[in-house]
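Single-structure report; data block below.
In this text the structure is predicted, and so the values were computed from the model without any measurement.
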Amino acid sequence: MTPASPRLSPPIVIAHRGASGLRPEHTLAAYSLAIDQGADFIEPDLVPTKDDVLVARHENDIAETTNVADHPEFAGRKTTKTIDGQTMTGWFVEDFTLAELKTLRAKERLPKLRPANTAYDGQFQIPTLAEIIALAKRRTTETGRTIGIYPETKHPTYFAKIGHPTDAKLVAELREAGWDSAKAPVFIQSFEVANLQRLHTMTKVRLIQLMDGEGGPADGAQPSYKAMITPEGLKAVAAYAYGIGPNKSMLWTDATPTTLVADAHAAGLRVHPWTYRAENYFEPTRFRRGTDPAAHGDIAAEIDAGLAQGIDGFFTDFPLYGSQARDRSRAGVK
């Protein structure tokens, strides 16, 4: 099937926090399962520890993704912080050393939607970026496929302000792995703008500007994401980024495609939307099956619809569905 906008690259599957629909997110088990299921890239969100080691957590608040609340020795670490304008109460990675974090274990973040995943609660550690890189390299050798990583720098302005900047650390670890070129199996992503522009001067690794349907970059570098998806706005993004990572909802007005994919391609930008999830709770109405929020809708059809628009890759919590859709698309079969 010919896409509505010709792709700039063959489509890739990005395992969002690993195979996070099937294992607790951001664990080596989730990443390894994603690779088994055919993912091209595994995605770690990166936050720094108190001793400035980059580890994989979706947020620096680890209350919902670890068993920290069950550790009485850390009860006094619970606190309230304001991060990118949002007030949060919990336990925060930057208040723990790596050694302390390694005493914790991951748990399922969405137990009501993914109750089967709770069987794995308490089994897996919080992985470091170094461990994730080692996994990708080892599995590349084992599978004969190139397994890449797709790290997101979380809250870079916030961390810089509290004395834990992450950009230089990330670049240094990638360089140590031998990854400092546009051909490296790496994409760096961020919802902020200034840090991507800074990274553009620090590394040749490909950069992805994340975008949402509402709001704007937390660093205030642009007034809104909507301003950034105009043809002129996309040309400005193309000056420092290889592609964009829009919320998948931005590809549609109800069931009608928007011009975002075509406009981005016209600016020379790849398009990697996020995040395709199987549960009805996350599906647009037309792809839901039944009324149970935790039941699976037609994720395959939703991904196929995005691929039909010409997207160059996509984030998914269910890499097996994604890999099957990618292979159908590459074979020209709907």
Side-chain angles (χ1 to χ4, degrees), residues 17 25-28 42-69 71 73-106 109 125-134 149-177 179-180 186-203 205 207-210 216-221 240:
R17 313 178 197 175
E25 66 187 35
H26 290 314
T27 59
L28 293 182
I42 52 177
E43 188 232 13
D45 296 325
L46 299 178
V47 291
T49 65
K50 186 176 182 179
D51 44 350
D52 288 312
V53 179
L54 294 177
V55 297
R57 289 291 88 186
H58 173 56
E59 289 293 341
N60 49 328
D61 180 2
I62 54 175
E64 293 186 351
T65 61
T66 74
N67 62 353
V68 64
H71 284 249
E73 69 273 26
F74 297 136
R77 305 277 181 96
K78 189 174 186 180
T79 188
T80 299
K81 300 189 180 189
T82 300
I83 301 164
D84 294 347
Q86 293 191 348
T87 300
M88 303 179 183
T89 298
W91 289 263
F92 296 84
V93 168
E94 64 268 25
D95 297 330
F96 292 78
T97 65
L98 178 62
E100 290 172 332
L101 285 177
K102 285 294 188 179
T103 68
L104 306 180
R105 293 297 180 267
R109 187 176 61 89
Q125 293 185 344
I126 297 174
T128 65
L129 172 59
E131 290 170 334
I132 295 165
I133 291 172
I149 71 168
Y150 205 121
E152 179 183 347
T153 62
K154 300 293 292 191
H155 311 297
T157 297
Y158 165 80
F159 283 119
K161 284 182 178 179
I162 65 169
H164 294 283
T166 56
D167 292 344
K169 177 66 176 174
L170 172 57
V171 170
E173 288 205 50
L174 295 177
R175 190 168 289 137
E176 185 176 347
W179 293 339
D180 189 22
V186 183
F187 295 93
I188 301 174
Q189 51 172 328
S190 179
F191 278 102
E192 296 189 19
V193 173
N195 79 306
L196 284 181
Q197 293 173 331
R198 184 167 55 252
L199 285 164
H200 182 64
T201 70
M202 299 169 64
T203 179
V205 166
L207 308 178
I208 301 294
Q209 177 67 66
L210 297 175
D219 61 1
Y240 62 87

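- Atom CZ of Arg105 sits about 13.5 Å away from atom OG1 of Thr65, to the nearest 0.5 Å.
- Between Lys50 and Glu94, none of the side-chain N atoms (NZ, or NE/NH1/NH2) sits under 4.0 Å from a carboxylate O, so this pair counts as no salt bridge.
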**Request:** For the pair Trp91 and Thr79, evaluate side-chain contact (heavy atoms from CB on, under 4.5 Å) and give the outcome as yes or no after the intermediate values.
**Result:** CA-CA 6 Å; Trp91 289 263; Thr79 188; over 6 Å; no
**Prompt:** Could you go step by step and tell me if Arg198 and His200 meet the side-chain contact (heavy atoms from CB on, under 4.5 Å) rule?
**Reply:** CA-CA 5 Å; Arg198 184 167 55 252; His200 182 64; over 6 Å; no
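- Both tests pass for Arg77 against the ring of Phe96: distance under 6.0 Å to the centre and angle within 45° of the axis.
- Phe92 places a side-chain heavy atom less than 4.5 Å from the side chain of Ile83.
- Ile188 and Val205 get closest at one heavy-atom pair: CG1-CG1, 3.9 Å.
- How far CD1 of Ile126 is from OG1 of Thr49: 10.0 Å, rounded to the nearest 0.5 Å.
- The shortest heavy-atom contact between Gln125 and Thr27 is O-CG2, 4.2 Å.
- There is a side-chain donor-acceptor pair under 3.5 Å between Glu192 and Thr157.
- The backbone N or O of Arg109 sits nowhere less than 3.5 Å from a side-chain atom of Glu64 that would complete a donor-acceptor pair.
- Ion pairing between Glu152 and Lys154 holds under the 4.0 Å rule for side-chain N and carboxylate O.
- Ionic pairing of Glu131 and Lys102 is present here: one or more N-O contacts between side-chain nitrogen and carboxylate oxygen are shorter than 4.0 angstrom.
- Asp219 contributes a side-chain N or O that, together with a main-chain N or O of Ala194, makes up a donor-acceptor pair within less than 3.5 Å.
- Residues Lys81 and Asp95 are paired through a salt bridge, judged by an N-O separation under 4.0 Å between the basic side chain and the carboxylate.
- Side-chain atoms of Pro151 and Val186, non-hydrogen and from C-beta on, do get closer than 4.5 Å to each other.
- The two atoms that bring Val68 and Ile62 nearest to each other are CG1-O, 3.9 Å, heavy atoms only.
- Closest of all the heavy-atom pairs between Leu98 and Thr128 is CD1-CG2, 3.7 Å.
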**Asked** Going through the distances and angles, do Ile149 and Leu129 end up as a side-chain contact (heavy atoms from CB on, under 4.5 Å)?
**Response** CA-CA 10 Å; Ile149 71 168; Leu129 172 59; 4.1 Å; yes
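- Heavy-atom minimum distance, Ala63 versus Gly90: CB-CA, 4.4 Å.
- The closest side-chain heavy-atom distance from Pro156 to Pro165 is not below 4.5 Å.
- Distance check: Phe159 CZ to Leu54 CG gives 9.5 Å after rounding to the nearest 0.5 Å.
- Shown are Asp45, Asn195, Asp167; of these, the side chain to side chain donor-acceptor pair (under 3.5 Å) with Thr153 is made only by Asn195.
- Atom-to-atom distance recorded for Gln197:CD and Met202:CE is 13.5 Å, nearest 0.5 angstrom.
- In terms of modelled atom types and a separation under 3.5 Å, the side chain of Thr82 and the main chain of Gly85 share no donor-acceptor contact.
- Using cut-offs of 30° and 60° for the angle between ring planes, the His155 and Tyr158 rings count as perpendicular.
- Side chains of Val93 and Leu101 form a contact here, defined as non-hydrogen atoms less than 4.5 Å apart.
- Rounded to the nearest 0.5 Å, atoms NE2 (His26) and OG1 (Thr66) are 13.0 Å apart.
- Using modelled atom types, no side-chain atom of Arg57 and backbone atom of Val47 make a donor-acceptor pair closer than 3.5 Å.
- Listed for the Thr203 side chain is no donor-acceptor partner under 3.5 Å among the backbone atoms of Leu199.
- Within 6.0 Å of CD on Glu73 lie more than 12 heavy atoms contributed by other residues, nucleotides or ligands.
- For the pair His71 and Leu104, the minimum side-chain heavy-atom distance is below 4.5 Å.
- Using a 4.5 Å heavy-atom cutoff, the side chains of Lys169 and Asp52 are not in contact.
- A donor-acceptor pair under 3.5 Å links the side-chain atoms of Glu100 to the main chain of Thr97, judged by distance alone.
- Judged purely by atom type and a 3.5 angstrom limit, Gln189 uses its side chain to pair as donor or acceptor with the backbone of Tyr150.
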